[in-house]
Amino acid sequence: MIKEHCGVLGANFTRSSDPSRVVYNALISLQHRGQESYGIAYLENNEIIVKKELGLVSQDFIRENIKQVKKVIGHVRYSTTGSTTQEDAQPSYYKINGFEIALCFNGNIVNFLQIKKELKEKGYEFRSNGDGEVFAAFMAERFKEYKDIEKVVNEVFDRVEGAYSTTLLTNEGELIAFRDPFGFRPLNIGFDDKGNTLIASETV
């Protein structure tokens, strides 16, 4: 049996009386994909706020942190690299030269140790042991050159080897979702009757 570990979420709210309810229900629906940790990232005054915890998704945690936000990404984790620690929980976050990125992904980056080595040689520092922070740092580093997140995603397709489905948020207000070129990991997009956009690892 093929098992796709970790669950990712992205939500863009145009009209919703309670975004926290939508995000909580979505992460609970994905909970079976990972029970080690969970987390969310959202935009507040052009700044990315990342909140994450070990254990199972808490309704109080989601309600406390998500009020009338417009764009949110979320994650439930089953680790394949790194450790079960707060630092290795997702969303992963990186900031450089005023550019911020928060990233959630399900998958494995085969060449992440090589990419991490290259970034360290350029002066990048890492607090976690997993590939999520390396993934985020790589994208932040490429953004320095391109200044265009879509071009950065194309660079990911060229350089990042492995299987991944990804949701990410930038402090420039962009919510982006993408999969590896072969589409090995599931990722679905849908729209509710209020015009909100929802992205998740499963149609449920």
Side-chain angles (χ1 to χ4, degrees), residues 1-43 48-53 55-59 61-63 65-80 89-93 101-109 130-132 135-136 139 149-150 153 156-157 160 162-170 173-204:
M1 178 185 293
I2 297 175
K3 295 188 177 183
E4 311 292 358
H5 300 306
C6 292
V8 300
L9 164 73
N12 182 50
F13 296 104
T14 55
R15 292 173 297 167
S16 178
S17 57
D18 187 5
S20 66
R21 179 183 60 82
V22 175
V23 172
Y24 172 72
N25 287 340
L27 289 178
I28 282 293
S29 296
L30 296 173
Q31 182 76 91
H32 63 282
R33 300 179 66 92
Q35 296 86 41
E36 294 180 20
S37 63
Y38 67 97
I40 54 173
Y42 54 91
L43 274 176
I48 294 178
I49 309 297
V50 177
K51 302 285 186 178
K52 46 192 179 180
E53 294 285 343
L56 302 178
V57 177
S58 160
Q59 185 172 17
F61 175 92
I62 300 298
R63 186 186 298 117
N65 287 289
I66 295 182
K67 305 285 192 294
Q68 293 301 316
V69 299
K70 297 297 183 185
K71 297 179 180 179
V72 185
I73 60 172
H75 190 267
V76 291
R77 184 169 189 254
Y78 176 97
S79 62
T80 53
Q90 293 189 39
S92 299
Y93 171 86
I101 183 172
L103 177 148
C104 298
F105 88 101
N106 165 38
N108 289 99
I109 307 304
D131 44 8
F135 201 166
M139 295 192 71
I149 196 65
E150 291 187 24
V153 172
V156 168
F157 293 153
V160 177
Y164 46 85
S165 61
T166 311
T167 57
L168 68 87
L169 195 61
T170 76
E174 294 163 311
L175 172 63
I176 292 182
F178 62 91
R179 300 194 300 174
D180 67 84
F182 298 101
F184 283 127
R185 292 294 187 272
L187 195 64
N188 300 275
I189 185 169
F191 311 92
D192 67 13
D193 56 5
K194 296 180 181 179
N196 302 313
T197 303
L198 306 171
I199 304 158
S201 298
E202 297 183 7
T203 53
V204 68

**Heavy-atom side-chain contact between R33 and S201 under 4.5 Å** = yes
**Prompt:** How would you list, by chain and number, every residue that makes a side-chain contact (heavy atoms from CB on, under 4.5 Å) with N25, sequence neighbours excluded?
**Reply:** R21
**Prompt:** Side chains of L43 and K70: closer than 4.5 Å at any heavy-atom pair?
**Reply:** no
**Message:** Working to the nearest 0.5 angstrom, can you tell me the gap between E53 CD and N65 CG?
**Reply:** 8.5 Å
**Message:** Using the side-chain contact (heavy atoms from CB on, under 4.5 Å) criterion, which residues pair with I49? Sequence neighbours excluded.
**Reply:** Y42, E44, E47, K51
**Item:** Nearest heavy-atom neighbours spanning I73 and P91
**Value:** CD1-CB, 4.2 Å
**Request:** Please assess E202 against L30 for the test side chain to side chain contact (heavy atoms under 4.5 Å, CB included), listing each intermediate value before the final yes or no.
**Result:** CA-CA 7 Å; E202 297 183 7; L30 296 173; 4.2 Å; yes
**Asked** Does any non-hydrogen side-chain atom of C6 lie less than 4.5 Å from one of H75?
**Response** yes
**Message:** Could you check whether any side-chain N or O of S165 sits under 3.5 Å from a backbone N or O of L187, counting only pairs where one atom can act as donor and the other as acceptor?
**Reply:** no
**Asked** Considering residues at least two apart in sequence or located in another chain, which fulfil the ring pair (Phe, Tyr, Trp, His ring centres under 6.0 Å) criterion with F61?
**Response** Y38
**Asked** Roughly how far, to the nearest 0.5 Å, is CG of D180 from OG1 of T166?
**Response** 8.5 Å
**Prompt:** How would you list, by chain and number, every residue that makes a side-chain contact (heavy atoms from CB on, under 4.5 Å) with E150, sequence neighbours excluded?
**Reply:** D148
**Message:** Could you walk me through whether I189 and T197 satisfy the side chain to side chain contact (heavy atoms under 4.5 Å, CB included) test, starting with their C-alpha distance in whole Å, then the side-chain angles of each, then the deciding distance to 0.1 Å, before giving a yes or no?
**Reply:** CA-CA 7 Å; I189 185 169; T197 303; 4.0 Å; yes
**Asked** Looking at CD1 of I199 and CG of N12, how far apart are the two atoms once the value is rounded to the nearest 0.5 Å?
**Response** 8.0 Å
**Prompt:** Would a distance-only check, ignoring hydrogens and angles, find a side-chain to backbone donor-acceptor pair under 3.5 Å from K52 to S37?
**Reply:** no
**Asked** Can you list the residues that meet the salt bridge (charged side-chain N to carboxylate O under 4.0 Å, His left out) rule with R63, with sequence neighbours excluded?
**Response** D60
**Prompt:** Are side-chain heavy atoms of F191 and T14 found at a separation under 4.5 Å?
**Reply:** no
**Request:** Start with the C-alpha gap between R185 and N108, add the side-chain angles, then the distance that decides, and say whether side chain to side chain contact (heavy atoms under 4.5 Å, CB included) holds.
**Result:** CA-CA 10 Å; R185 292 294 187 272; N108 289 99; 3.8 Å; yes
**Prompt:** Would F105 and L168 satisfy side chain to side chain contact (heavy atoms under 4.5 Å, CB included), going step by step from the backbone distance to the final call?
**Reply:** CA-CA 8 Å; F105 88 101; L168 68 87; over 6 Å; no
**Prompt:** Just wondering, do L9 and T167 contact through their side chains at under 4.5 Å, heavy atoms?
**Reply:** no
**Asked** Q90 side chain to R77 main-chain N or O, any donor-acceptor pair under 3.5 Å?
**Response** no
**Fill in**
Rounded to the nearest 0.5 Å, the CG atom of D192 sits from the CG atom of L198 at a distance of 5.5 Å
**Request:** Could you point out which residue of L56, V57, V22 forms a side chain to side chain contact (heavy atoms under 4.5 Å, CB included) with L27?
**Result:** V57
**Side chain proximity check, Y24 to I66, heavy atoms < 4.5 angstrom** = no
**Asked** Atom CD of E174 and atom CD1 of I149: how far apart are they, to the nearest 0.5 Å?
**Response** 6.0 Å
**Request:** Under the ring pair (Phe, Tyr, Trp, His ring centres under 6.0 Å) rule, collect the residues that match up with Y164, sequence neighbours excluded.
**Result:** F135
**Asked** Mind checking whether K67 and S20 have side chains closer than 4.5 Å, heavy atoms only?
**Response** no
